[in-house]
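In the text below, chain A, chain B and the rest are named by the order of the sequence lines, each starting its count at 1. All values below were derived from every heavy atom in this structure, side-chain atoms included, with hydrogens, water molecules and symmetry-related copies excluded.
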Amino acid sequence: MSLSYASPTTVNEAVALLTGATGLTKILSGGTDLLVQLRSGRVKPDIIMDTKKIPGILGIIETEAGFVIGAATPGAVIGEHAGLAAAYPGIVEAANLIGSTQVQGRASLAGNLCNASPAADSVPAMITAGAIAIVVGPNGQRAVPVEQIVIGPGRTSLARGEFILEFKLPKPAARSSGAYLRFIPRTEMDIAVVGAAVNVTLDAAGVITHARVSLGAVAPTQLLVVDGANAIIGSKLDDAALAKLDAAARAVCNPIDDKRGTIDFRIKVAGVLARRAAAIAVQRALGQAAGTKH
Amino acid sequence: MPDTNSPQAPAHIRMGSSIGQPATRREGVQKATGAARFAADNHPPGMVHAVMAVSSISRGRVVSLDVAAAKAHPGVIEVITSENAPKLAQDPDAKDNPFMFRLDVLQNDRVRYANQPIAVVVADTLEAATEGAALLRPKYETEATRMGLDSADSFVPPAVGAGGPAGESPGDVEAGMAAASVRMEATYDTPAQYHNAMEPHAIVAAWDGDTLSIDTPSQGMAMAQGRIAGLFGIPPGNIHIRSPFLGGGFGSKGLVKGPQMLGIMAARLVGRPVKLVLRREQMYGPVGHRAATRQTLRMGTDGNGALTALSHHAKTATSTFDDFIEPAANASHALYASPAIATSHEAVRIDTGTPLFMRAPGEAPGSAALESAIDEMALACGMDPLAFRLKNYAETEPMSGKPFSSKALRQCYQQGAERFGWAGRPQAARQMRDDAGTLVGWGMGTAVFPALMFQGHARAVLRRDGTGLVETGAHDMGQGAWTAFAQIAADALGLDAERTEFHSGTSDLPDAGIAGGSAHTATVGAAIDGAGADVIAKLAELAMADQRSPLFGAGNAGVIARGGRLHRRDDEGRSESYADILARAGVAEIEGSGTGAADPAAQSAYAMHAHGAVFAEVKVDPDFGQVRVTRLVGAFAAGTIVNPRLVRSQYYGGMIWGVSFALHEHAVMDRRTGRPMNPNLADYHVPVNADVPSIEAILVEERDVHVNALGIKGVGEIGITGTAGAIANAVWHATGVRVRRFPITLDRLLDA
């Protein structure tokens, strides 16, 4: 039993390595999940491929079209990017809820996504932001909406030889914003019992014209809640719209009972968090400070 | 943290004294820069690594281990199992004193609890030893596990805690209950809790013939020497222990544990220094824990809210092979006046490691239940919880009738309540909300902890250059022993702190006893004080007998030692420096010794306790039942405060532990296998910084002339007591829901 480590410096080299490898290959970004799994003996890979020496995989670029976030960019860098925080506050607050300050120095969006935990904090926020994963592999590049990456706990849609190089986020429309909330028993350093993200775009009158709602930890994968978005589109987020959002969120939940929360509790929390996240997103879109309406 | 209204140096602390000063930690820079060497930081030449394999079953025996596979792994030097482990000089199950607990050190193939060591792999590297241990693939013969307080017949233990009686009942509780106009009865559950000091148990052991050198965190080096000596058949004096710093002890490092013995055994077997460090999950078994309790409280009051009876019964668990009974009901001994009090215990034997001392053993779960029950009784009487406690204030110790050596609890109540703003509290539940609509509640609890002393020794030397040296084998668990004892040492010799050298933390220094029971500062402080007084007395004798000294003939008037000089007590203008006295006498140095121990006469005459009052504010999310502690104010009276900065820090730590007890900590045990299901810091929750937003500790002045010469009571454990109950009571006040099962998790709050 041996374990080899590689740190390719180009995409082609990385793809060749992944394609040619035999046995279990694990991709190392920040390593905040992988190293823990290695130490506990839960995974026994034959090859660990560190992506961080591949150009472009670290850092955030703001362009005319929006943002490009390198797949292995650590949470600390994401948290300090003023432009991204203004455009996509939900992503930044979600990414910065992962682990501790120390973990933030390493933990990445691609790692959080590809670890494929239903409770991953950044994923619902990425989904509602409309983030596109740029996947590279033996057949070149393909652009995949983030909600199509995870297909089950610990499983992704990435094919053999593929990995995520970067994420693309569109330039947000005027009067757009987002929010992510999670429920944990402790105040920080914990795994989400439920997570909820909402992104909205308002018209000049404050009516929601576009919305995306996503829930985490209430199903085998993060959910894009289309009915939830439809419940609030066309409204100013009045009580009736919030109640419909709450009901739509609860309706899609298919959670498990575990030591972190029961099925009933998770379903209830999902509805409340969706309402609260929507309220914050709307207030942010209106240029107001985040409030606490629920 | 805002400063509290307590003066830095209380009036009874004399001018120029080191005691009472808020000195920063002497070893602070070392710790902050990484220069402080903790046990596992020591890597003697030739050292190899040992890793334990532990049992995944809780009852049965080990049938086979793939020793060949482990030995075949590159780097593995030796695999120690019950087949080849050296037989010890003494049966590790033998007990010849109440502080000897049975150890599992590979002397047979029996498994008595999950995570029990079943083998040790020694290798060149930690990685090789870890892999070797994983390759052992144990097979077991498994017997049915007994878990939980209802899994076996209970028994009345002969003794509880460190040897106290299992039951006491002055007065007639049943008559008191019958006569009461208001009664309450309720049962409270507290969970098993496991030790999670930042530093896990670790040992670096090196043999040289029959002498043994050890780096290991210890709260009691002399006791460790004795235990190791017995097991390995060598004299205690052949064992040298270095334990200058502990990354937390909390009772788990008071007695040397089985895994440490295995490190010593491994070193002997391979003939090289060996390091063995427990993995976090290995802490959940062989190093002691706090057992679960189920406590039933019954109280009655007369029409004025005065208690007529108080009954406190605790059921708890111990291991199948040893006895440690969490003395939870004893929390009702010292606090509330009642003409009839009964405390009693029963226990069941389950397949866990033996529960042992964990910070405030007995008092922590006992106080959580008692303070909750007092709150319920106050409500039943229609009284404010503080008014109810004052109504039942004990002027003498309820259990014994003895007067208190000192008791400033009234001042604690008053100062704490004022600082917190208790007077504005509505009596009914669910009356307060914040701007965001979150439910707000206020609760309180009384804190109490006995002022204990063990026995400890110290040595003091005054040198010809006028500098001093004080030595004692004390234990700094992070509480600040290095700093506080150096302050006491300086005062004991009448020197400035900078002119007093202080040595501590190794077993070749005078035996300082044990750092436990919140008694270390009082015990070792008294020893240091005595050693200094011994030196000064000898010095004064020299001076007073010397016609050339301005102190000649001071005789009965005596002298005072201060600032490196002796002064005539009746004429302080006449003085002489230590250096001059020693130089003229041609004496190179004067040595003295001192012993600290409780005074039996004072103990039989007085009840001795530290007291406090804790006030808590919680906010509860009405949708989720999510509880956040938003404010904690504690006011504590514990005699002389040697160092207010460190004492506050001890109170904060205790109160945070109380938050943990009330809201977070609990071991989840698999009833089928007896394995802990959350043996890691991701799943076994303790509070993080964000869980403790505002915490204040008020140092209430108290002078106690009976506890010991310096008037010191303990501060290490009292902060837990009172706090857990205060939070539980605040949760009720916020929500109207009384959760009687700790920790108060949101499911318990919502399901109620």
Side-chain angles (χ1 to χ4, degrees), chain A residues 1-3 32-33 36-42 44 96-103 117 119 181-194 196 242 246 249-250 257-276 279-280 289-294, chain B residues 69 72-74 126-127 130-131 133-135 137 279-281 433-438 618-619 621-630 659-660 663-670 676-693 743-751:
Chain A
M1 231 182 322
S2 69
L3 169 63
T32 58
D33 286 311
V36 176
Q37 291 162 5
L38 281 176
R39 282 180 57 95
S40 71
R42 269 166 56 202
K44 290 190 180 287
N96 282 263
L97 281 174
I98 300 167
S100 59
T101 299
Q102 291 89 335
V103 168
S117 160
L181 291 175
R182 74 168 176 191
F183 178 86
I184 55 171
R186 195 158 63 174
T187 309
E188 62 178 18
M189 298 263 293
D190 208 346
I191 296 167
V193 176
V194 176
L242 283 169
D246 189 321
R250 282 186 280 119
D257 259 331
D258 71 1
K259 64 191 172 195
R260 273 185 273 278
T262 60
I263 290 170
D264 288 348
F265 183 70
R266 283 194 153 105
I267 291 172
K268 175 185 170 161
V269 172
V272 178
L273 283 189
R275 274 193 276 130
R276 292 185 186 181
I280 295 168
T292 47
K293 183 181 173 188
H294 59 85
Chain B
H73 188 74
L126 175 63
E127 289 74 14
T130 304
E131 186 62 20
L135 291 169
R137 305 192 200 290
R279 289 170 62 106
R280 181 59 57 182
E281 66 270 23
R433 284 182 187 253
D434 68 7
D435 294 343
T438 309
V618 303
K619 293 192 175 181
D621 185 308
D623 288 318
F624 303 147
Q626 192 177 36
V627 180
R628 299 284 186 251
V629 176
T630 45
V659 173
S660 196
L663 300 179
H664 299 292
E665 262 187 83
H666 65 299
V668 179
M669 306 301 289
D670 183 337
M677 291 289 97
N678 54 349
N680 59 74
L681 289 170
D683 290 320
Y684 185 97
H685 278 184
V686 296
V688 294
N689 279 328
D691 290 314
V692 192
I744 302 171
T745 50
L746 47 97
D747 52 324
R748 289 166 186 170
L749 202 48
L750 290 174
D751 289 349

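Each of B:D691, B:L663, B:N678 has some count of heavy-atom pairs under 4.5 Å with chain A, and the biggest count is that of B:D691. Of all the listed residues (B:V668, B:T130, B:V688), the one sharing the greatest number of non-hydrogen pairs under 4.5 Å with chain A is B:V688.
Atom-to-atom distance recorded for A:S40:OG and B:E281:CD is 9.0 Å, nearest 0.5 angstrom. Taking OG1 of A:T187 as the reference point, atom NE2 of B:H664 lies at 6.0 Å (rounded to 0.5 Å).
In this structure, A:R276 and B:D623 approach most closely via the heavy-atom pair NH2-OD2, 3.0 Å. Closest of all the heavy-atom pairs between B:R628 and A:R186 is NH2-O, 3.1 Å.
Side-chain contact between A:F265 and B:D747 is absent, with no heavy-atom pair separated by less than 4.5 Å. Looking only at side-chain heavy atoms (C-beta outward), B:D621 and A:F183 stay at 4.5 Å or farther from each other.
Under the salt bridge (Lys or Arg N to Asp or Glu O under 4.0 Å) criterion, A:R260 pairs with B:D683, not counting sequence neighbours. Under the side-chain hydrogen bond (donor to acceptor under 3.5 Å, both in side chains) criterion, A:D246 pairs with A:R250, A:R275, sequence neighbours left out.
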